[in-house]
Colleague: 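Attaching a single structure in structure tokens format; questions to follow.
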Amino acid sequence: MTLGEFIWDRLGKFITWGVFASAAAFFLLFTGTQPGILAVLLLTGSLLFLTVQIRDYLKYSRHLREMESILDGLDRKYLFTECIPRPWGAYERALYDMLRRAGRDMVEAVSDARATTREYREYIESWVHEIKTPITAARLLCRRTDRETGRKLTAELAQIENHVERALYYARAESPEQDFLVRRTVLDTAAAEAIERHRSLLIQNGVRIEVQNLEPEVYTDGKWLCFILGQLLQNAVRYRSEHPLITLAACRMGNQVQLTVSDNGIGIPAHEISRIFDKGFTGSNGRSRGGSTGMGLYLCRKLAGHLEIQLNVRSVEGQGTEVSLAFPAA
């Protein structure tokens, strides 16, 4: 609270004091009080009034700083009303009691919402693990059909599995501390796992993969990194050119390691680059080619943020897209 705000808040009191002092001065002067005595009385009264106002200003400013310090020190700001000291004034105590009741109601609502979210996330995780069994069984059944039908069914099952995996990581991204584990990870191993998971998709679409200098080690969660790379591979395949090529390359940049996933696909329009990480954004390419959910890159950015990976995209429409992942220093 600034001094100007305090004066504006108490402007009524200042005006009232001015009117009262003027009226008293005229009355005393009319009753024959000497001007010198009148001046002393007005000066003394004004000094007392200003002293009280300055004391109140300093008291309220100090109190506000204390409450701001308490609020800044709380991880969960909605617990603020439970931590501030009880005021002395009757009016302030009444407001405090009402705010505290409202705060407790909000804490209960937040607790209920968190419990519901946790139950939903646990259900999604259990559902994902359960759905993998019929998917695996369907893959085995595909082997008993003719080759062409089996190939088509396998491709559709791969799409289902990708959507299921995306749902799993979407649920886990809400409570990352319960799932990810940072450890030393070789980029070559993570890239090989991501490529193997999407091998059928890459082969069916005639995509060629080039790997360059993936020997560096980084500190990250290998499972989450594999998912991020998988989403980038899927996007590169979906928006491929006539002779698709995906290149995975790593290089050291000071105390960081940068992994680059680039393709020679159709690229992204310049005016859409800033929105590709938005939740549900599909863009003109997604609408024209179909099959886009707008969740892949959104999850990549969210998971990368938890892992402190800097994710950047450069693209030229009609030439290709390059996604870089900069891993933090060990």
Side-chain angles (χ1 to χ4, degrees), residues 77 110 113-114 116-118 120-121 124-125 127-128 158-180 190 194 197-198 201 205 207 220-221 223-241 244 246-248 256 258-328:
K77 308 298 183 185
V110 170
R114 287 189 169 183
T116 302
T117 302
R118 183 176 61 253
Y120 177 74
R121 179 177 56 83
I124 290 295
E125 291 183 359
W127 175 83
V128 167
Q159 291 295 323
I160 294 174
E161 199 165 20
N162 290 334
H163 288 301
V164 168
E165 186 181 36
R166 199 174 293 123
L168 174 62
Y169 278 91
Y170 181 82
R172 287 177 173 175
E174 299 302 322
S175 302
E177 68 281 353
Q178 299 180 8
D179 183 66
F180 80 87
R197 285 189 179 183
H198 299 84
L201 178 66
N205 290 278
V207 179
T220 188
D221 185 291
K223 183 171 56 177
W224 283 31
L225 175 58
C226 182
F227 173 79
I228 293 174
L229 293 178
Q231 297 303 303
L232 299 180
L233 291 176
Q234 290 179 47
N235 280 352
V237 173
R238 181 176 295 115
Y239 307 117
R240 63 190 180 278
S241 61
I246 301 176
T247 303
L248 289 83
Q256 289 186 325
Q258 179 172 291
L259 174 62
T260 303
V261 181
S262 56
D263 63 66
N264 61 347
I266 62 176
I268 304 171
H271 64 278
E272 295 181 356
I273 289 289
S274 60
R275 300 183 58 195
I276 59 175
F277 293 110
D278 293 348
K279 183 178 179 181
F281 179 73
T282 56
S284 56
N285 292 335
R287 290 188 292 271
S288 63
R289 298 212 169 188
S292 177
T293 62
M295 296 298 295
L297 289 179
Y298 165 76
L299 285 175
C300 288
R301 169 59 65 86
K302 195 166 187 176
L303 299 181
H306 291 313
L307 295 172
E308 297 184 8
I309 298 175
Q310 298 176 13
L311 190 63
N312 296 295
V313 175
R314 292 187 303 172
S315 183
V316 178
E317 192 172 7
Q319 297 183 20
T321 302
E322 179 182 286
V323 183
S324 61
L325 296 86
F327 295 86

Colleague: Give me the atom names and distance for the closest heavy-atom approach of Gly296 to Gln231.
Modeller: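 Closest heavy-atom pair between Gly296 and Gln231: CA-OE1, 3.5 Å.
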Colleague: Does any non-hydrogen side-chain atom of Ile268 lie less than 4.5 Å from one of Tyr239?
Modeller: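 In short, these two side chains do not touch, never coming nearer than 4.5 Å.
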Colleague: Using every non-hydrogen atom in the two residues, find where Ile276 and Leu297 come nearest and quote the distance to one decimal.
Modeller: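 It is O-CB, 3.5 Å.
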Colleague: Got a donor-acceptor contact below 3.5 angstrom from the Asn264 side chain to the Gly320 backbone?
Modeller: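 Checking the backbone N and O of Gly320 against the side chain of Asn264, no donor-acceptor pair under 3.5 Å is found.
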Colleague: Where is the tightest heavy-atom contact between Gly230 and Ala194, given as atom of each residue plus distance?
Modeller: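 Of all heavy-atom pairs spanning Gly230 and Ala194, the closest is N-CB, 4.2 Å.
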Colleague: Between CD of Gln234 and CZ of Arg197, what distance do you get to the nearest 0.5 Å?
Modeller: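 Atom-to-atom, Gln234:CD and Arg197:CZ are 11.0 Å apart.
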Colleague: For Ser284, is there any backbone N or O sitting under 3.5 Å from a side-chain donor or acceptor partner on Glu272?
Modeller: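 At least one qualifying donor-acceptor pair exists.
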Colleague: Can a donor-acceptor pair be found, under 3.5 Å and without considering hydrogens, that links the side chain of Asp278 to the backbone of Phe281?
Modeller: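 No.
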Colleague: At what distance, to the nearest 0.5 angstrom, does CG of Leu299 lie from CD of Glu165?
Modeller: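 The CG atom of Leu299 sits 10.5 Å away from the CD atom of Glu165.
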Colleague: Could you tell me if the side chain of Phe327 sits less than 4.5 Å from the side chain of Leu307, heavy atoms only?
Modeller: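 Answer no - side chains too far apart.
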Colleague: Under a 4.5 Å cut-off applied to non-hydrogen side-chain atoms, are Tyr298 and Arg166 in contact?
Modeller: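 Of all side-chain heavy-atom pairs linking Arg166 with Tyr298, none is under 4.5 Å.
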Colleague: Which distance, rounded to the nearest 0.5 Å, do you find between the NE2 of His306 and the CZ of Arg301?
Modeller: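 If I round to the nearest 0.5 Å, the distance is 12.5 Å.
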Colleague: So which atom in Gln256 and which in Pro328 form the shortest heavy-atom distance, rounded to 0.1 Å?
Modeller: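 The answer is NE2-CA, 4.3 Å.
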Colleague: Taking the side chain as C-beta and beyond, is there a heavy-atom pair between Val323 and Leu259 under 4.5 Å?
Modeller: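 They are not in side-chain contact.
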Colleague: Heavy-atom distance under 4.5 Å between the side chains of Asn162 and His198, does that happen here?
Modeller: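 Counting from C-beta outward, Asn162 and His198 do come under 4.5 Å.
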Colleague: Could you check whether Tyr169 and Lys223, counting side-chain N and O atoms only, form a donor-acceptor pair closer than 3.5 Å?
Modeller: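 There is no such pair (donor and acceptor under 3.5 Å, judged by atom type) between the side chains of Lys223 and Tyr169.
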Colleague: I'd like to know whether Asn205 forms a side-chain contact (heavy atoms from CB on, under 4.5 Å) with Arg240, so could you lay out the CA-CA distance, the side-chain angles of the two residues, the decisive distance to 0.1 Å, and finally the verdict.
Modeller: CA-CA 9 Å; Asn205 290 278; Arg240 63 190 180 278; 3.0 Å; yes
Colleague: Can you tell if the side chain of Phe227 reaches within under 4.5 Å of the side chain of Leu168, non-hydrogen atoms only?
Modeller: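 They are not in side-chain contact.
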Colleague: Kindly indicate whether the side chain of Leu225, heavy atoms from C-beta on, has any atom under 4.5 Å from the side chain of Leu325.
Modeller: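 Contact flag for Leu225/Leu325 side chains = yes.
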Colleague: Distance check, rounded to the nearest 0.5 Å: Asn235 atom CG versus Thr321 atom OG1?
Modeller: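 Asn235 CG to Thr321 OG1: 9.0 Å, rounded to 0.5 Å.
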